[in-house]
Amino acid sequence: MDRYKKVRGMHDIMPGETEKWQFAETVLADSAKLHGYREIRPPVIEERMLFERSIGASSDIISKEIYSFQDRKGRHLALRPEGTASVVRAFIESAPPIPGKITRLYYYGPMFRYDRPQKGRYRQFYQFGVELLGGKHPFFDGEAVALLDFMARKLNITGYYFAINTLGCPKCKSAYTEIVRSALSAKEDSLCEDCRTRLKISPLRIFDCKNAECRESAACAPAVTETLCKECLDHFGEFEEYVKKAGIPCKKQSGLVRGLDYYTRTVFELYVNGDENAVAAGGRYDSLVRELGGADTPAVGFALGMERLISIVNFKLEKTPSVYLAAMGKAAALKGISIVKELRNEGIAAETDYEDRGLKAHLKNADRSGAQWCLIVGDRELEKNEFILKNMVTGEQENISEDTYLKRIKELIK
RNA sequence: GUGGGUGUAGCUCAGGGGCAGAGCACUAGACUGUGGCUCUAGGAGCCGGGGGUUCGAAUCCCCUCACCCACCCCA
């Protein structure tokens, strides 16, 4: 019989890892709440068209990485490849927008992309993200970066910085795209094959081609900031003021471009020194809400890749104290039922093995379970109305009376 | 989607045409009410799957699948 294996690109997060995830999840959620964000939990399935409209039909994510299918009624659906589209959809759908009102939402969950699996990259992967809807002021962009910075510090990440850039408002962005396209069309011969395709689909991406020759060619195009309208320039200027004032480590990178169509103006990515890939990325998307059928609502947000985050966080996880009950004989086993119940009621993790084992086997179990304490109860103990409490780390043990064992264990554990 | 690497015991891996191996882990005993340390013994595998070459294939060839790494893309 063949054994079942996880399907390509999927991964199990096993005990040993889950503790790290839980820690990171708690820090992220607490940080977001502290900044006024509330959790939203959209479904993982949406209409395929929602993603086409938001991310861009020509993007790689839609054109070759989306998990899409038809259900029994022939509806064209897709597993979400990212979170923003769903959040915006839910935002629009749930209530009529109130002008000037700021809505802060965070989400966490699995995303799906049919990519080739690689280090830190899976077909089902987890993202934590936040979206701030209704905020136009550039300081909101700053606040988004500040929240990421806060999270990084709370997770004890060191040696990180933000790459920041602006793409301009939709007008500036498309104008600049054309400027770059025409500037580089003249140099098409010096571009690599990939970049020639990029020239047609998303010329801005040539700026961060791995090929140095392409980047050199791209350098002849004017920088974004040289072509922006005054409003866009001011917006970016104020954003820079915010991050400077907040003391957030930033590096301006005029080549920074995001792969999703909906970004406008501010874009940023979180990098940890030595890593090539961004841990988190985001930016402003002032047109998306309207494009998805909502009222004109400026917005800014970011998403953070959990797998990548987990791999760079230095975890110092404390073991929670626990007790293993070694009950020998039928009478002790019966007594054990109430003992473990009482321990658990006191918030002390307790486990036992119901097979009738000798003390040796019980201690071995206790050792393997990782319990710091072993409570030994056998016929001898029952006769004297006392138990033996053994410290599994030091090997020391003491007799404790049945009447006061709970109190004594609580003392020792704290 | 492209390129490279690797699939052998539960785990980490050695063996590269002629008996299927080591370390760790596991089980038992030394030690029948004291785990970890030590020693001894033991269990065990369609050598990823399919096809081919050969007297003979874990080993060579072809196909396939999976994992890893890089590109692409992205978090």
Side-chain angles (χ1 to χ4, degrees), chain A residues 1-11 28 55-56 58-66 80-84 108-129 148 192-195 197-198 201-202 205 208-211 256-260 263 268-272 275-283 301-312 324 326-329 332 353 356-381 387-397:
Chain A
M1 175 86 154
D2 284 344
R3 282 154 80 182
Y4 289 108
K5 298 197 290 189
K6 52 182 162 292
V7 335
R8 186 166 167 81
M10 303 294 136
H11 67 300
L28 294 175
I55 300 165
S58 67
S59 68
D60 281 26
I61 293 179
I62 298 301
S63 63
K64 40 192 190 198
E65 293 172 3
I66 197 159
R80 62 181 182 191
E82 58 107 43
T84 302
Y108 172 68
M111 307 294 163
F112 305 85
R113 286 181 206 171
Y114 195 88
D115 247 3
R116 185 123 172 201
Q118 209 181 300
K119 187 171 187 66
R121 192 174 78 183
Y122 299 92
R123 289 179 177 179
Q124 174 176 333
F125 60 102
Y126 290 79
Q127 281 191 343
F128 184 99
L148 249 183
C192 71
E193 205 178 317
D194 288 335
C195 280
T197 321
R198 289 187 181 116
I201 297 167
S202 53
R205 301 210 65 88
D208 57 3
C209 180
K210 291 283 187 299
N211 197 325
L256 174 59
V257 175
R258 312 263 40 260
L260 286 65
Y263 284 111
F268 53 86
E269 292 184 340
L270 170 62
Y271 283 93
V272 173
D275 269 15
E276 211 173 309
N277 287 319
V279 179
F302 64 78
L304 186 154
M306 285 298 283
E307 284 80 0
R308 285 181 190 172
L309 182 76
I310 300 293
S311 71
I312 57 168
Y324 177 96
M328 289 168 289
D353 182 342
D356 194 17
R357 299 181 183 284
L359 183 56
K360 191 188 183 72
H362 269 308
L363 283 168
K364 204 161 191 168
N365 272 345
D367 196 41
R368 272 201 276 244
S369 77
Q372 293 93 322
W373 303 91
C374 182
L375 188 65
I376 302 168
V377 182
D379 294 338
R380 292 181 202 168
E381 286 70 31
F387 309 143
I388 298 172
L389 184 65
K390 184 180 176 79
N391 182 322
M392 294 302 289
V393 182
T394 63
E396 290 166 3
Q397 58 185 50

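Each chain gets a letter, A, B and so on, in the order the sequences are listed, and its residues count up from 1.
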Determine the contact category for A/I388: base if any of its heavy atoms lies under 4.0 Å from a base atom, sugar-phosphate if only primed atoms, P, OP1 or OP2 are that close, otherwise nothing. base
Classify A/G120 by what it touches in the nucleic acid, base, sugar-phosphate, or nothing, heavy-atom distance under 4.0 Å. base
Strictly by Watson-Crick or wobble contacts shorter than 3.5 Å, is anything paired with B/A75, and which nucleotide is it? none
Please give, in whole Å, the distance from B/G35 C1' to A/L389 CG? 15 Å
Base, sugar-phosphate alone, or nothing: which one does A/Q118 contact when heavy atoms must sit under 4.0 Å apart? base
A/K6 has an atom NZ; how far is it from atom C1' of B/C68, in whole Å? 13 Å
Closest nucleotide among B/A75, B/C71, B/G35 to the A/K364 side chain: B/G35
Pair assignment for B/A41, Watson-Crick or G-U wobble, requiring both distances under 3.5 Å: B/U27
By the rule that syn is within 90° of 0, classify the base conformation of B/G21 as syn or anti. anti
When the P atoms of B/G56 and B/G51 are considered, how many whole Å apart are they? 15 Å
Just to be sure I understand the rule, does A/A281 reach a base, reach only the sugar-phosphate, or reach nothing, if contact means heavy atoms closer than 4.0 Å? sugar-phosphate
Just to be sure I understand the rule, does A/E269 reach a base, reach only the sugar-phosphate, or reach nothing, if contact means heavy atoms closer than 4.0 Å? nothing
So, does A/R113 use its side chain to make a donor-acceptor pair with the main chain of A/P81 at under 3.5 Å? yes
So what does A/R121 hit on the nucleic acid, given a heavy-atom distance under 4.0 Å: a base, only sugar-phosphate, or nothing? base
Interatomic distance at P, B/G10 relative to B/C46, whole Å: 7 Å
So what does A/K64 hit on the nucleic acid, given a heavy-atom distance under 4.0 Å: a base, only sugar-phosphate, or nothing? nothing
Between A/L304 and A/P117, who's closer to the 5' end of RNA chain B by nearest nucleotide? A/P117
A/D115 backbone acceptor or donor facing A/R123 side chain under 3.5 Å: yes
Using 0.5 Å steps for rounding, measure from the OG atom of A/S311 to the CG atom of A/D275. 6.5 Å
Checking N1-N3 plus N6-O4 or O6-N4 for Watson-Crick, or N1-O2 and O6-N3 for wobble, each under 3.5 Å, the partner of B/C67 is B/G5
Separation of B/C74 atom C1' from A/I66 atom CD1, nearest Å, is 14 Å
Distance between C1' atoms of B/G43 and B/A9 (Å, rounded): 11 Å
Is there side-chain contact between A/L260 and A/E82, with heavy atoms separated by less than 4.5 Å? yes
Short side-chain N/O contact from A/R380 to OP1 or OP2 of B/G33, under 4.0 Å: no
Tell me the interatomic distance from A/L260, atom CG, to B/C74, atom P, rounded to whole angstroms. 7 Å
Rounded to whole Å, please give me the gap between CZ in A/F125 and P in B/A75. 8 Å
Should B/A20 form a Watson-Crick or G-U wobble pair with both distances under 3.5 Å, which nucleotide is its partner? none
Touch class at under 4.0 angstrom, heavy-atom based, for A/V257 against every strand present: nothing
Quick one, A/M306 and A/L304 - any side-chain contact, counting heavy atoms below 4.5 Å? yes
Using atom C1' in both nucleotides, what's the gap between B/A22 and B/U8 to the nearest angstrom? 12 Å
A/G329 near the nucleic acid: base, sugar-phosphate alone, or nothing, with a heavy-atom cut-off under 4.0 Å? nothing
Check every strand shown and say whether A/K360 touches a base, only sugar-phosphate, or nothing at a heavy-atom separation below 4.0 Å. base
Both distances below 3.5 Å, Watson-Crick or wobble geometry, any strand: find the nucleotide opposite B/G35. none
In whole angstrom, give the distance that lies between atom NE2 of A/H11 and atom P of B/C68. 10 Å
Looking at A/R121, is its backbone amide N or carbonyl O close enough to the side chain of A/R308 to form a donor-acceptor pair, meaning the two atoms are under 3.5 Å apart? no
Of the nucleotides B/A75, B/G33, B/G35, which one has an atom closest to the side chain of A/L359? B/G33
Once you round to the nearest 0.5 Å, how far does CD of A/E381 lie from CG of A/L375? 9.0 Å
Nearest to the side chain of A/K119, which nucleotide is it out of B/C74, B/C69, B/U34? B/C69
Gap between atoms CZ and P, on A/R368 and B/U27 respectively (whole Å): 5 Å
Rounded to whole Å, the CG-C1' distance (A/D115 to B/A75) equals 11 Å
Across the strands shown, which category fits A/N365 at heavy-atom distances under 4.0 angstrom: base, sugar-phosphate, nothing? nothing
I'd like the C1' distance from B/A58 over to B/G21, given in whole Å. 12 Å
Once hydrogens and angles are ignored, does a donor-acceptor distance under 3.5 Å link the base of B/G33 to the side chain of A/E381? yes
For A/H11, is there any backbone N or O sitting under 3.5 Å from a side-chain donor or acceptor partner on A/Q124? no
Hey, does A/D275 reach any base, or is it just sugar-phosphate, or nothing, if we go heavy atoms under 4.0 Å? nothing
A/F268 and A/F302 aromatic ring geometry - parallel, tilted or perpendicular at 30°/60° bounds: perpendicular
Would you classify A/M306 as touching base, sugar-phosphate or nothing, given that sugar-phosphate means primed atoms plus P, OP1 and OP2, and contacts are heavy atoms under 4.0 Å? nothing
Taking the same atom, C1', in B/C72 and in B/U2, what whole-Å distance lies between them? 8 Å
Determine the Euclidean distance between corresponding C1' atoms of B/A30 and B/A14; express it in Å to zero decimal places. 32 Å
Return the pairing partner of B/A14 with a 3.5 Å limit on both distances, Watson-Crick or G-U wobble; otherwise return none. none
Among B/U34, B/C74, B/G33, find the nucleotide with the atom closest to the side chain of A/R308. B/C74
Against the side chain of A/D60, the closest entry in B/G33, B/G35, B/C73 is B/C73
With rounding to the closest Å, how many angstrom separate the P atoms on B/G45 and B/C11? 13 Å
Answer with base, sugar-phosphate or nothing: what part of the nucleic acid does A/R198 contact at a heavy-atom distance below 4.0 Å? sugar-phosphate
